[in-house]
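Input: a single structure, listed below in structure tokens.
Computed from a prediction, not measured in an experiment: that's the story for all the values here. Both ligands and their constituent atoms are indexed starting at 1 by order of listing.
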Amino acid sequence: MTLRVDVLTLFPEAIAHYATTSVLGRASQRDVWALHVHDFRDATSDAHRTVDDTPFGGGAGMVLRAEPILDTLVAHPEIARPLIALTPSGRPFTHDVAKELSSLSGFSLLCGRYEGIDQRVLDLEVDDEISLGDYVLAGGELAALCVIEAVVRLLPGALGNDHSSADESFSDGLLEYPQYTKPAVVRDLEVPEILRSGDHARIERWRRAQALRRTLDRRPDLIARRGGLNGEETAILVEFALVDENRQNG
Ligand code: SAM
């Protein structure tokens, strides 16, 4: 099944350029996903193709008018649902949200600009709102591309045979273990001996211990969300002497 993604934006070329490059480009050539970009400026009827106006109630900046966006939706009933607006007020985008979207047959992303989108578009047509994080971007395009890339690389066939998203950060609620490549020594820093031992079962356990230790140190909230460490996880930290006596939970 090909995932259909529609993007409503004032910068179609920015979306199309990135989406046809690298992993996303190859995945669309393999029909893993299909992009449909809609410039809602095309739905304007005035000579200046105006998409924004001053805010009711006063205040700085301009607001995206409702009609060009609503008219784009009317002109293209095939646009995939749910329609998701990228807004700083939306629910935070996480691996779990990416997984949720990757299980759909399609979805659409609405990119705001200026001070944002007339609330009536959100009330009338938008099914969901997603935020990339607690900061403000100039527009929804980068956020849309982040969502698309995180979702598409979870789809079967997106990464080719030799790559996998299954043991990456967040896939099992943990951050990833450290990765190394050749040469074995860089500025006197050696690759951990165990990774050159050929003992794959022990390497597997070492990686898991490293992932647990890193997550405990950097993102204890992720460990708490999994309900803390279980007995096997504590044992694996002990096996590799990664227990921090001064910390709770490992
Ligand atoms: N006035 C808005 C506010 O304070 O929430 C910010 C508008 S922002 C300058 C313009 C557009 O960028 C937004 O409509 C949204 O589409 C996008 N945007 C900005 N920050 C974002 C974020 N953290 N996540 C998702 N989209 C964002």
Quick one: which of T72, D6, T9 gives a side-chain hydrogen bond (donor to acceptor under 3.5 Å, both in side chains) with H38? D6

Sort and list the pairs that fulfil salt bridge (Lys or Arg N to Asp or Glu O under 4.0 Å) and have at least one residue in residues 103-117, not counting sequence neighbours. R113-E141

Report yes if the side chains of L64 and L10 come closer than 4.5 Å at any heavy-atom pair, otherwise no. yes

Pairs flagged by salt bridge (Lys or Arg N to Asp or Glu O under 4.0 Å) wherever residues 220-230 is involved - sequence neighbours left out: R219-D221, D221-R225, R226-E233

Side-chain contact, heavy-atom cut-off 4.5 Å: L101 with I130? yes

Pairs satisfying salt bridge (Lys or Arg N to Asp or Glu O under 4.0 Å), at least one member in residues 53-77, at least two apart: R65-E67

Every pair of nitrogen or oxygen atoms between ligand 1 and the protein that is under 3.5 angstrom apart - can you list them with their distances to 0.1 Å?
residue	atom	partner	partner atom	Å
ligand 1	1 (N)	E115	O	2.9
ligand 1	1 (N)	E115	OE1	3.3
ligand 1	12 (O)	G139	N	3.4
ligand 1	16 (O)	L86	O	2.6
ligand 1	16 (O)	G112	N	2.9
ligand 1	20 (N)	L137	N	2.9
ligand 1	23 (N)	G133	O	3.1
ligand 1	23 (N)	Y135	O	2.8
ligand 1	24 (N)	L132	N	2.9

